[in-house]
Amino acid sequence: MAAATTAAATSSAALKSTVVNRSFLSSSRHLTRPLNCFEPKILPESYKPLHITLSKNPISEFISSYKESKNPENNLEDDDDDKPREECGVVGIYGDPEASRLCYLALHALQHRGQEGAGIVSVHDNVLQSVTGVGLVSDVFNEAKLDQLPGDMAIGHVRYSTAGSSMLKNVQPFVAGYKFGSVGVAHNGNLVNYQDLRAELEESGSIFNTSSDTEVVLHLIAISKARPFFLRIVEACNKLEGAYSMVFLTEDKLVAIRDPFGFRPLVMGRRSNGAVVFASETCALDLIEATYEREVYPGEVLVVDKEGVSSLCLMSHPEPKSCIFEHIYFSLPNSVVFGRSVYESRRAFGEILATESPVDCDVVIAVPDSGVVAALGYAAKVGVAFQQGLIRSHYVGRTFIEPSQKIRDFGVKLKLSPVRAVLEGKRVVVVDDSIVRGTTSSKIVRLIKEAGAKEVHMRIASPPIIGSCYYGVDTPSSEELISNRMSVEEIRQFIGSDSLAFLSINSLKKLMGNDSPNFCYACFSGKYPVEPRGKVKRVGDFLDDGLSGNMEAIDGGWVQGIRNQEEVQEINLSA
């Protein structure tokens with residue numbers, strides 16, 4: 001009885017705090033309302049609302065097209081894939097009879113955010129049904145599997161595995177049954193207090209089935225006594241620290257939520273039939289013909305059900321700290337992320353490089369595909385032709401059969417082919433988005449010179465990366481980041497270019513204008529908005545994303561000491 005009284009009091013207090021400031025919702029065009037003033041919503045005649053009944057046990061069908069490699073040494077070396085990796089992308093759809101198929105198409109558009117696992121969960125007759133698998137979206141799903149996912153609500157997920165062998169049980173979305181029903185969740189981000197929360201839950205008797213930080217969220221929801229359901233999510237998220245853009249699915253609701261700092265992107269749109277769509281990037285909305293309406297605000301919870309879309313503030317959020325690397329590398333150029341065009345940002349990066357670090361050249365080329373737009377901006381600014389000096393193969397998988405006689409730079413040559421007609425005898429400017437370890441850059445410079453280039457000048461459309469990311473991006477430890485160990489001149493000598501220049505962090509912030517304080521620059525400055533806790537990332541360790549390894553595999557830790565501020569300032573000035 002006491003517990004029930006406490007739960008009621010908690011729910012009542014929470015509901016009183018859900019009234020949302022009108023200015024907070026000014027861009028939504030009456031799309032959202034405070035949760036304590038629901039109004040009836042007219043839906044299309046074709047739409048049949050779900051009726052709330054007693055929860056059934058979820059059906060979770062794990063179907064995989066993954067086949068274990070018999071020769072794990074055939075994997076492409078990290079040196080040949082030397083970029084930070086975005087962990088995943090999420091999708092949520094409510095109110096469309098083709099929800100799972102639309103989810104499938106949207107995941108295709110987000111494939112660049114994760115290539116090693118995909119899954120979809122839908123609701124039909126109040127039962128959550130799941131199909132997940134390891135591999136590309138097209139490998140995991142076919143017509144027969146999508147037929148197993150009927151219903152007008154669905155969530156989806158694509159994921160990248162940081163290291164080790166992929167484990168099917170860790171592929172999201174996760175589905176769990178608990179006292180009050182069933183819930184599915186798809187998560188983009190990383191919880192920096194995951195270790196502490198898991199240890200606390202295990203001490204209380206919780207049993208974990210995966211090594212993913214996302215499972216912690218489900219446990220926190222299950223032990224919450226708040227009512228109604230979305231307040232359980234609010235209560236659980238109040239205990240989380242770090243980055244999370246998540247979509248939840250229940251028998252009758254779709255819930256989207258973003259952490260108070262807004263590290264990872266999450267947008268909302270609507271199809272012509274009234275269906276509400278959430279996705280990590282607007283490119284997914286474009287593919288399924290959904291109109292972009294706005295971002296999910298940092299610290300906001302959006303609840304979609306038969307009554308419409310409602311909003312509440314998860315907690316009083318601090319100054320947003322959106323990931324600047326979304327504009328530098330992760331997102332597709334045709335996306336609008338954090339309210340800005342990614343294409344326009346990257347073109348401006350190239351123009352700034354051309355202004356601050358010009359060099360006499362005959363041709364400007366890009367390291368495809370992420371360096372192309374910045375290279376276009378650079379070329380236009382200096383008045384030199386942009387050409388395709390490197391051709392990227394889009395048919396290279398993550399495994400291959402190496403020649404018996406080792407070919408130098410084999411991994412890079414497999415992916416990038418120099419065009420001798422463009423490069424021979426030329427002074428070449430090569431624009432790339434970033435340098436991480438420097439190994440790939442050195443091989444690219446060598447390829448271009450072997451193709452006959454007279455000079456090779458590297459221009460990098462981001463500041464030097466000196467710190468690891470702990471908010472949902474897989475980066476090496478600080479010791480492995482070449483800019484954390486070497487000056488710009490030392491890096492130039494290491495990669496073998498005739499000159500090297502980075503975009504300065506001050507210029508980057510100036511370009512962001514009034515929005516500059518709302519971005520996270522931790523990988524460039526070493527200043528973390530939320531300090532990582534627990535394990536420390538060291539050389540050879542990986543940030544456990546739930547697809548790979550177990551708890552023992554990350555023994556050691558993952559917060560590495562960074563350079564002092566004087567050294568950071570010297571790096572920024574020299575760039």
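By convention here, the first residue in the shown sequence is residue 1.
With rounding to the nearest 0.5 angstrom, the OG atom of S462 is 7.0 Å from the CG atom of L503. In this structure, the separation between OG1 on T214 and CG on N190 is 9.0 Å, given to the nearest 0.5 Å. Here OH of Y521 is found 11.0 Å from SG of C323. Values are rounded to the nearest 0.5 Å. Distance check: I352 CD1 to L511 CG gives 4.5 Å after rounding to the nearest 0.5 Å. To the nearest 0.5 angstrom, S212 atom OG is 7.5 Å from H187 atom NE2. Distance check: E281 CD to E326 CD gives 6.5 Å after rounding to the nearest 0.5 Å.
Applying the salt bridge (charged side-chain N to carboxylate O under 4.0 Å, His left out) test to every pair with at least one member in residues 421-431, sequence neighbours left out, gives these pairs: D362-R427, R420-E424.
When atom types are taken as modelled, the side chain of S442 and the backbone of T439 share a donor-acceptor pair closer than 3.5 angstrom. Of the possible donor and acceptor atoms, one in the side chain of N193 sits under 3.5 Å from a partner among the backbone N and O of K239. Without hydrogens or angle criteria, D433 side chain to Y329 main chain gives no donor-acceptor distance under 3.5 Å. Panel note: side chain R258, backbone V296; a donor-acceptor pair is recorded below 3.5 Å. Between the side chain of S525 and the backbone N or O of K527 there is at least one donor-acceptor pair closer than 3.5 Å. A donor-acceptor pair under 3.5 Å links the side-chain atoms of R392 to the main chain of P368, judged by distance alone. No side-chain donor-acceptor contact under 3.5 Å links R294 to the backbone of M268. For the pair E289 (side chain) and D286 (backbone), a donor-acceptor distance under 3.5 Å is absent. Using a distance-only test at 3.5 Å, with no hydrogens or angles considered, a donor-acceptor pair links the side chain of Q111 to the main chain of V137. The closest donor-acceptor contact from the side chain of D432 to the backbone of G371 lies at 3.5 Å or more, if one exists at all.
Remark: of the listed residues F261, Y244, F263, F325, F263 is the sole one forming a ring pair (Phe, Tyr, Trp, His ring centres under 6.0 Å) with Y471.
Across all non-hydrogen atoms, the minimal contact from R485 to E490 is O-OE1, 4.1 Å. Closest approach of V247 to V91, counting heavy atoms only: CG2-O, 3.7 Å. Of all heavy-atom pairs spanning A186 and G156, the tightest one is CB-O, 3.8 Å. Closest heavy-atom contact between V373 and R347: CG1-N, 3.6 Å. Between V158 and L110 the shortest heavy-atom distance is CG2-O, 3.5 Å. Taking all atoms of both residues into account, the shortest heavy-atom contact from S504 to S507 is OG-OG, 2.8 Å.
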For L481 and I466, what are the C-alpha separation, side-chain angles and deciding distance, and is it a side-chain contact (heavy atoms from CB on, under 4.5 Å)?
CA-CA 6 Å; L481 297 169; I466 65 167; 5.7 Å; no

Between N518 and S322, is the side-chain contact (heavy atoms from CB on, under 4.5 Å) condition met? List the steps.
CA-CA 6 Å; N518 298 334; S322 302; 5.6 Å; no

Can L240 and D259 be said to form a side-chain contact (heavy atoms from CB on, under 4.5 Å), step by step?
CA-CA 9 Å; L240 306 179; D259 70 78; over 6 Å; no

Would I435 and S483 count as a side-chain contact (heavy atoms from CB on, under 4.5 Å) here? Give the steps.
CA-CA 8 Å; I435 293 182; S483 292; 5.5 Å; no

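Between H327 and F338, the ring planes are tilted. Angles from 30° to 60° get that label.
Side-chain contact between V429 and H457 is present, with at least one heavy-atom pair separated by less than 4.5 Å. The side-chain heavy atoms of D515 and R340, taken from C-beta on, include a pair separated by under 4.5 Å. Looking only at side-chain heavy atoms (C-beta outward), Q172 and C88 stay at 4.5 Å or farther from each other. Proximity of V419 to I365: side-chain heavy atoms (C-beta onward) are nowhere separated by under 4.5 Å. You'll find the side chain of R113 reaches within 4.5 Å of the side chain of N188, heavy atoms only. Within the 4.5 Å cutoff, side-chain heavy atoms of L508 are placed close to those of F349. You'll find the side chain of V530 stays beyond 4.5 Å of the side chain of Y470, heavy atoms only. The side-chain heavy atoms of L302 and V309, taken from C-beta on, include a pair separated by under 4.5 Å.
Checked against salt bridge (charged side-chain N to carboxylate O under 4.0 Å, His left out), E450 has the following partners two or more places apart in sequence or in another chain: R408.
Ion pairing between K449 and D498 holds under the 4.0 Å rule for side-chain N and carboxylate O.
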Atom pairs and distances, side-chain donor-acceptor, residues 375-390, under 3.5 Å, sequence neighbours left out:
residue : atom : partner : partner atom : Å
Y378    : OH   : S357    : O            : 3.3

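For the residue pair E489 / Q493, a side-chain donor-acceptor distance below 3.5 Å is found, with atom types taken as modelled. Between the side chains of R459 and S499, at least one donor N or O sits under 3.5 Å from an acceptor N or O.
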